[in-house]
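The structure appears below as structure tokens.
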Amino acid sequence: MAKKPKLDLREIENKWREFWEKEEIFKFNPSTNKKIFSIDTPPPYASSGHLHVGHALHYTQFEIIARVMRLLGREVYFPPGFDDNGLPTEKYVETKLGVSKKDVDREEFRKICLEESRKVEKDYAERVFKKLGHSYDWSLLYQTISPEAQRVAQTAFVRLYNQGDCYRKEEPVIWCPYHQTALAQAEVEDLKRTTTLNYIDFELAEGGKITIATTRPEFLPACVGIFVHPQDERYKSLVGKKAIVPIFKQEVEIMADEKVEQEFGTGIVMVCTFGDNTDIEWWKKHNLELRNMLNPDGTLNEIAGELAGKPIEDARREIIEKLRELGKLEKQEKLEQVVGACWRCGTPVEYIVTKQWFVRTLKYKKELIERAREIKWHPEFMRKRFEDWTNNLNWDWIISRQRYYGVPIPAWYCERCNEIIVANEDELPVDPTKKEKKCEKCGATAKPEEDVFDTWMTSSNTPEIAGRWLEKPEIYEKLAPFSLRPQSHDIIRTWAFYTILKSHLLFNRRPWNEVMIGTYVLDAKGKAMHKSKGNAIWAEDLIEKYGIDAFRYWVSTASIGSDLPFNETELVAGQRLITKLHNAANFVFMNLEGFEPDSKSSTEIDLSSLEKMDAWLLVKLSKTLDKVREHFENYEIHLARLEAEEFFWHTFADNYIEIVKRRIYSGNGKEKRSAQLTLYHAFLAILKMFSPVTCFITEDIFQRFYASKEGVKSIHISSWPAFNFANSELAEDVERVGDRFVELLKDVRKAKSNAKRAMNAKVKLGLANSDMELLAPALEDFKGVTCAEEIKQVENCDSLSVEFLQ
RNA sequence: GGUCCUGUGGUCUAGUGGUUAUGACGUCCGCUUGACGUGCGGGAGAUCCCCGGUUCGAAUCCGGGCAGGACCACCA
């Protein structure tokens, strides 16, 4: 008798995790003959806090796909990466070490950031990725702040500049007064708030007055025009006249524009440079004067007269006070308002005019939508989000940021002749502040650019960074376009969008063949989980309680692209499956003692040499394998798992094992061997179907018995089982017999249950003629599993009769 | 305001024109000793969100609602 190993999950996890790492099971082989499956993995920002289940699920979801693809015979390129380039790192370092970037040299500050992120990342890799059993090839690790990544981002920039897709221009841009940097449209989020709508009187130059409603009275000094609707009967006569701005006394013209909402406020709008988006639009359209009133830090400048130097909020209060004193404030109303805010700090954004770098985007809307259509989206409807976003864009992509920690923009400016000097590709990566450049035209020393890139400028090149575009172009060309980009839906407008844009502009092709949008986890009540709301669930707790395989099982219940309310019973179900696999292994291996398969290949099995019910199981298994494979290939992990589980639990364990026990325990040599052969191949196939999901227990079971017999180092680099039954007619016949067998077995069990008898109660059975004939080749099995002493043929009977003995 | 997604027994879930509508958890009844009481069999429990339509036939297709969620646009 084989020893029955105790199921110690923790031990199993540690043992095989170490084994995979030591044996380099997941190492990418660049000289492979296999078809390559390359994954453009999302580099997480490594944080030291608890691991959110949503995050763990997302990363495990596509990790399962990596394992699936290996099993399906692909050479998988699965590089781990970290996103350590940008504001979160800056903030982390400032808080943790108590240094402010303002007090430290830029170079020095970057060095500290780099060191700190290395530490956090190393810890994160051990604590999260390796712990969860993720099968990355760690030799391919990349960091978005590394010199290699900087070189990629800068090279992309230089190429775009040289081909005219990148330009520098003085423009009103979206501005975060807190971070004191320009922002891209994608970095702005909605902020709902209640504000005050102020009705303010303006005098007309020729006498009389008008009333204007505004939420931003502090912008009066920057007022450059007034608009009414061209069809508005109340104000038609005003068009062309001049009004005088209260307090600041500048004269502005009253003009007409269709976009004015007659019902809002008084139906008269003032335009200031710049209070909002519409101001910019009208400023451009009507060629208005520029009265740039804001400083980069969100305070007012000399245009605001005595309010100069005051922050916006203070200025607003003071102006309202003054208007009230002057009797110019008609009334005030509460107003529900949605304003754009910086996605990181929540500060409402402003618009100021500065010189910034842009990547041409608006010009390519159509092409980008075409590119996105070349890509297969999972689920399909997520592409719509991409198209909506692209269609609605109204700014080119601003790529310069007035920050310290990031990839420097490799450019210099000649202050004498205004020439822009962009670095040569062969000097990259370069920090322009550390390298002196002379103007190519006039020879003067050029002033280095101090801004850095938007982090997406780097992240949008993850295929190139992860694929070693510049370092190993021959490998990169084999990988690109990448097979798959897994990501979450909230960054379609940024990560997916910019990556498609970059790939289109740089390589004139799609960046990947497929996109898989991960599942978003909600709490049990269907609400978003937030640490602050107290409904967040931590992955560590679940792993502690249920083990990693059960956690991964839970991940496998999620379907791509739809939200998943957290359901702890799924973890319990996972635990049950793991136990069942373990117990089934005990049974199977115990009964395969001394058994040697004829051949390693299951494709060479001759159905006609097997007992009927053995053949039946393999035919069913073969069909299951096809379905599971298809679901996996469509990234429908939940359906694949469901299918595999149904087969394992019901067809294999509840029915087949019960049927085959008689032959295993007391059958003759031939019928026993048929059963053993079937058990051997069927259970191996079952393990393989589950291996991408419950990767630890399946490896453990595989190693106990199959590894040496199959001559394979790990189940995770074994091949997908295939049965190739030459005689399909025979397969059909076998299925007809077996299916009816199982139906009748169910009826017998039901009869026993109704009579409150034990399942092994002895019976006499009566079968209809047709069934008797059909079951003839498997009659001994049927007798065995039903514990029938005798089976009679019953004339003219269309159902089963069960007679109990005793 | 626009677009998209979702809506199936108490809970979660499968199911893209014909099924006695799947399975899991829970619940109830019963069984047990040659893998597993972390097991096995069975039962109860569903107006398949609502209203129309197409069809011989709809959970499934179409139209209109309702509810929840997401994305986008928004207003001085």
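Just so it is clear: chains get the letters A, B, ... in the order the sequence lines come, proteins before strands, and each one is counted from 1. The basis for the numbers below is simple: all heavy atoms, side chains too, and nothing from hydrogens, waters or symmetry mates.
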message = Would you say the base of B:rA76 stacks on A:Phe264 (centre-to-centre below 5.5 Å, plane angle below 30°)?
response = no
query = Counting just side-chain N and O atoms, does A:Lys259 come under 4.0 Å of either OP1 or OP2 of B:rA76?
reply = no
ask   = With a non-hydrogen cut-off below 4.0 angstrom, is A:Asp654 in contact with a base, only sugar-phosphate, or nothing?
value = sugar-phosphate
request  = Provide the distance between the two P atoms, one in B:rG69 and one in B:rG64, to the nearest whole Å.
outcome  = 23 Å
query = Between A:Asp232 and A:Arg234, is the closest basic N to carboxylate O distance under 4.0 Å?
reply = yes
remark   = Pairing partner of B:rG1, by Watson-Crick or G-U wobble and under 3.5 Å for both distances, is B:rC72
ask   = Can you find a side chain N or O atom of A:Lys661 that sits less than 4.0 Å from OP1 or OP2 on B:rU33?
value = no
query = When you check the gap from the basic side-chain N to the acidic O, do A:Lys284 and A:Glu281 get nearer than 4.0 Å?
reply = no
message = Any strand counts, and the cut-off is 3.5 Å on both contacts for Watson-Crick or G-U wobble. Which nucleotide pairs with B:rA21?
response = none
ask   = If the C1' atom of B:rC71 is compared with that of B:rU11, how far apart are they to the nearest Å?
value = 29 Å
remark   = RNA chain B nearest-nucleotide lookup for A:His638 and A:Asp279: closer to the 5′ end is A:His638
query = Among B:rC40, B:rU3, B:rC4, which nucleotide sits nearest the side chain of A:Phe381?
reply = B:rC4
key: side-chain N/O A:Asn760 vs B:rU33 OP1/OP2, d < 4.0 Å   = yes
task = Could you check which of B:rG42, B:rC40, B:rC36 has an atom nearest any side-chain atom of A:Glu658?
result = B:rC36
Identify each atom pair where a protein N or O and an N or O of nucleotides 17-27 of chain B are less than 3.5 Å apart, giving names and distance.
unit_1 : atom_1 : unit_2   : atom_2 : d
B:rA24 : O3'    : A:Arg576 : NH1    : 3.2
B:rC25 : OP1    : A:Arg576 : NH1    : 2.5
B:rC25 : OP1    : A:Arg576 : NH2    : 3.3

query = In terms of ring plane angle, is the pair A:Tyr706 and A:Phe683 parallel, tilted or perpendicular, where the classes change at 30° and 60°?
reply = tilted
task = For A:Leu335, report the nucleic acid contact type (base, sugar-phosphate, nothing); a contact means any heavy atom under 4.0 Å.
result = sugar-phosphate
inquiry  = Nearest to the A:Lys746 side chain among B:rC75, B:rC29, B:rG42, which nucleotide is it?
reply    = B:rG42
key: Basic-acidic side-chain contact under 4.0 Å: A:Lys331, A:Glu333   = yes
query = Should A:Arg629 and A:Glu643 count as an ion pair when the cut-off is N to O under 4.0 Å?
reply = no
inquiry  = Using atom C1' in both nucleotides, what's the gap between B:rU13 and B:rA46 to the nearest angstrom?
reply    = 13 Å
message = Between A:Asn754 and B:rG41, is there a contact of a side-chain N or O with OP1 or OP2 at under 4.0 Å?
response = no
ask   = Does the distance from a Lys or Arg side-chain N to an Asp or Glu carboxylate O, for A:Arg10 and A:Glu13, drop under 4.0 Å?
value = yes
inquiry  = Return the pairing partner of B:rA67 with a 3.5 Å limit on both distances, Watson-Crick or G-U wobble; otherwise return none.
reply    = B:rU6
query = Could A:Lys746 and A:Glu743 be called an ion pair, given the rule that one side-chain N must be under 4.0 Å from one carboxylate O?
reply = no
request  = Assess whether one donor atom and one acceptor atom, taken from the side chain of A:Lys384 and the base of B:rC4, lie less than 3.5 Å apart.
outcome  = no
ask   = Nearest nucleotide by nearest heavy atom, which residue falls closer to the 5' end of RNA chain B, A:Thr215 or A:Pro565?
value = A:Pro565
request  = Identify which nucleotide among B:rC72, B:rA76, B:rC12 has an atom closest to any side-chain atom of A:Trp389, counting heavy atoms from C-beta outward.
outcome  = B:rC72
